[in-house]
Amino acid sequence: MDRVRRCAADALAAYGAHPDATIELLNVSENATFLVSDPEAGLSVLRVHRLGYHTELEIASELAWMGALRAEAGVRTPRVLPARDGRQIVTVAERTGEAERQCVRFEFLPGIEPAGETGGALAASHFAELGEITARMHRHASGWSRPAWFTRFHWDYAAAFGEAARWGRWQDGIGVGPAERAILTRLDRVLRARLAAFGAGPARYGLVHADTRLANLLVHEGSISVIDFDDSGFSWYLYDLGTAVSFFEHSPEVPALVDSWLTGYHRAGQLLAGDRAEIWTFIMFRRLLLTAWIGSHRGVDFAAGLGAGYTRGSCDLAESYLSGHS
């Protein structure tokens, strides 16, 4: 983190920040995100990218879609603040070696997360709006003429659970012993079969946010802003619903939240016949993927705090899901 902080400080020089500007770490996940307090420019957010997760072209593609959503679909996303020379992406070399990190500076959007870790009444009141916003994103993505250079990764079965799983193997998750492995192996096999049968045609698969969990939403004056498109890529549209209940899939509130999300989604989009039957397939797809993420991010405080308890909960949910989806 000391190296990352130094990269953040070096990047601010390229943005022409005031010499007395300060940085405060907001969170660490795939990337490190800092709050920048500039006595002249005010607040902004600086994202320092993880090494090797994205190419510069992939980051530029993310920013292009964010801008198009804001301009063309009415989705409130943070604006990118360019460097003094107009660059949206600033590359900074680590002082201790050859590694280079990409940095992006965003405007600061006011707001708070819809609710706490377990959903809650406030989150329920906004899930319909989230569903509608998600439908607008999907509708825009399906009709958008992407730049010829646009490139983002996929969140399909191979990317999630294949030989080169992006977030590591769920088998290496915290607390995965023989009993847990047996249950989750059954889940893995059923997910693979049902996703193959579901298909990846253009009506069901396209460009998605891929991380619309509560931490990436900001509520301000009754409306929702969507932030952090770092995981955006190509996947099933229903995957966005799976991500909306990330980390609290086991909560008894989830079925009602899903209903609210669907109500909102249908205001601006449509699901195909048969899609509803696979909603829990995508919730469990995400749950198993997060089990892998926790195992590969043990150094992240949030992941370590979930630990083996999340794996046990995944097994309980898997047993329930498999009883009706074998």
Side-chain angles (χ1 to χ4, degrees), residues 15 17 21-27 29 31 33-47 62-82 88 104-141 144 207-232 237 240-241 243-248 251 253-254 256-269 302:
Y15 286 104
T22 61
I23 57 172
E24 175 188 348
L25 182 66
L26 291 175
N27 63 67
S29 181
N31 311 306
T33 305
F34 295 90
L35 178 66
V36 180
S37 300
D38 188 304
E40 292 182 348
L43 298 177
S44 61
V45 174
L46 181 68
R47 185 175 70 190
E62 170 202 355
L63 303 181
W65 191 37
M66 289 176 63
L69 283 171
R70 186 175 57 254
E72 302 167 8
V75 177
R76 190 180 184 199
T77 64
R79 298 178 185 276
V80 178
L81 303 179
Q88 288 193 319
V104 180
R105 190 178 183 185
F106 297 97
E107 68 171 326
F108 176 82
L109 291 181
I112 59 172
E113 183 179 319
E117 299 173 358
T118 59
L122 182 58
S125 70
H126 289 284
F127 257 66
E129 184 180 358
L130 174 58
E132 183 176 353
I133 291 170
T134 305
R136 293 210 307 269
M137 291 194 291
H138 293 171
R139 186 173 63 190
H140 178 271
W144 183 41
L207 185 59
V208 301
H209 182 282
D211 198 15
T212 57
R213 58 194 174 96
L214 300 178
N216 289 332
L217 307 174
L218 293 174
V219 178
H220 181 64
E221 296 181 348
S223 62
I224 292 179
S225 299
V226 185
I227 63 174
D228 194 358
F229 282 68
D230 185 55
D231 283 331
S232 61
Y237 292 125
D240 269 342
L241 174 52
T243 71
V245 295
S246 292
F247 300 114
F248 66 97
S251 170
E253 297 170 316
V254 165
L257 295 178
V258 167
D259 287 343
S260 295
W261 189 98
L262 291 170
T263 296
Y265 193 93
H266 284 292
R267 294 174 189 159
F302 178 69

Asker: Dump the intermediate steps for side-chain contact (heavy atoms from CB on, under 4.5 Å) on Val219 and His126, then the final yes or no.
Answerer: CA-CA 9 Å; Val219 178; His126 289 284; 3.5 Å; yes
Asker: What distance separates Asn216 CG from Ser29 OG, expressed to the nearest 0.5 Å?
Answerer: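 Spacing of CG (Asn216) from OG (Ser29) equals 8.5 Å.
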Asker: Are Leu109 and His220 side-chain neighbours, meaning at least one heavy-atom pair lies under 4.5 Å?
Answerer: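 A side-chain contact under 4.5 Å is absent here.
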Asker: Is a side-chain N or O of Arg139 found less than 3.5 angstrom from the main chain of Ala268, in a donor-acceptor match?
Answerer: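 Yes.
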Asker: So, taking the atom named CG in Leu241 and the one named OG1 in Thr243, what distance separates them when rounded to the nearest 0.5 Å?
Answerer: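 Reported to 0.5 Å precision, the distance equals 8.0 Å.
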Asker: Spell out, as yes or no, whether a donor-acceptor pair under 3.5 Å connects the side chain of Thr212 to the backbone of Asp240.
Answerer: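 Yes: the side chain of Thr212 pairs with the backbone of Asp240.
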Asker: How are the rings of Phe127 and Phe248 set relative to one another: parallel (under 30°), tilted (30 to 60°) or perpendicular (over 60°)?
Answerer: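 The rings of Phe127 and Phe248 stand perpendicular, inter-plane angle above 60°.
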Asker: Tell me the closest heavy-atom pair linking Ala135 and Gly269, and the distance in Å.
Answerer: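 That would be CB-N, 3.8 Å.
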Asker: Could you check if a side-chain atom of Trp65 sits within less than 4.5 angstrom of a side-chain atom of His140, using non-hydrogen atoms only?
Answerer: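 Trp65 reaches His140 side chain to side chain.
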Asker: If we check side chain to side chain contact (heavy atoms under 4.5 Å, CB included) with Val104, which of these qualifies: Asp230, Leu81, Val80?
Answerer: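 Of the listed options, the one satisfying the test is Val80.
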Asker: What pair of heavy atoms forms the shortest contact from Leu217 to Arg213, and how long is it?
Answerer: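 For Leu217 and Arg213, the tightest heavy-atom pair comes out as CG-O, 3.6 Å.
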Asker: With side chains defined as the heavy atoms from C-beta onward, is the minimum distance between Phe106 and Thr33 less than 4.5 Å?
Answerer: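 SC-SC contact between Phe106 and Thr33 ruled out.
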Asker: Is there a side-chain contact between Asp228 and Arg47 in this structure, where contact means two heavy atoms from C-beta onward sitting under 4.5 Å apart?
Answerer: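 Touching, per the 4.5 Å side-chain cut-off.
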Asker: Does Thr77 reach the side chain of Ser225, with side-chain heavy atoms less than 4.5 Å apart?
Answerer: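 Not touching, per the 4.5 Å side-chain cut-off.
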Asker: How about Thr134 and Trp261: do any of their side-chain heavy atoms sit closer than 4.5 Å?
Answerer: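 They are in contact (side-chain heavy atoms under 4.5 Å apart), so the answer is yes.
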Asker: Can you measure from NE2 (His138) to NE2 (His209) and round to the nearest 0.5 angstrom?
Answerer: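 Between His138 NE2 and His209 NE2, I get 10.0 Å after rounding to 0.5 Å.
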Asker: Quick check against the 3.5 Å criterion: does Glu129 have a side-chain atom that pairs as donor or acceptor with the backbone of Ile224?
Answerer: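 Side chain of Glu129 to backbone of Ile224, a donor-acceptor pair under 3.5 Å: yes, one is there.
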Asker: Please step through side-chain contact (heavy atoms from CB on, under 4.5 Å) for the pair Phe229 and Leu69, ending with a clear verdict.
Answerer: CA-CA 11 Å; Phe229 282 68; Leu69 283 171; 3.5 Å; yes
Asker: Is the shortest side-chain heavy-atom distance between Phe302 and Asn27 below 4.5 Å?
Answerer: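 Of all side-chain heavy-atom pairs linking Asn27 with Phe302, none is under 4.5 Å.
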Asker: In this structure, are over 12 heavy atoms from other groups packed under 6.0 Å from Arg267 atom CZ?
Answerer: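 More than 12 heavy atoms, drawn from other residues, nucleotides or ligands, come within 6.0 Å of this atom.
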Asker: At their closest point, which heavy atom of Leu214 faces which heavy atom of Pro114, and how far apart are they?
Answerer: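 Scanning both residues completely, I find the closest heavy atoms to be O-CD, 3.5 Å.
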Asker: To the nearest 0.5 Å, how far apart are CD in Glu132 and OH in Tyr265?
Answerer: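 Those atoms lie 11.5 Å apart.
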Asker: Measure the shortest side-chain to side-chain distance between Leu46 and Arg105 over non-hydrogen atoms and say whether it is less than 4.5 angstrom.
Answerer: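 Leu46 reaches Arg105 side chain to side chain.
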Asker: Using side-chain contact (heavy atoms from CB on, under 4.5 Å), reason through Met137 and Val208 one step at a time and then give a plain yes or no.
Answerer: CA-CA 7 Å; Met137 291 194 291; Val208 301; over 6 Å; no
Asker: Any idea which heavy atoms bring Gly74 and Arg136 closest together, and the distance?
Answerer: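 What the structure gives for the nearest pair is O-NH2, 3.0 Å.
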Asker: Might you point out which heavy atoms bring Leu43 and Ser37 nearest each other, and give the distance in Å?
Answerer: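 So the minimum-distance heavy-atom pair works out to CD2-OG, 3.4 Å.
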Asker: For Ala215 versus Ile227, what's the shortest heavy-atom pair and its separation?
Answerer: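 That would be O-CD1, 4.1 Å.
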Asker: Would you check, one step at a time, whether the test side-chain contact (heavy atoms from CB on, under 4.5 Å) holds for Val36 with Tyr15?
Answerer: CA-CA 11 Å; Val36 180; Tyr15 286 104; over 6 Å; no
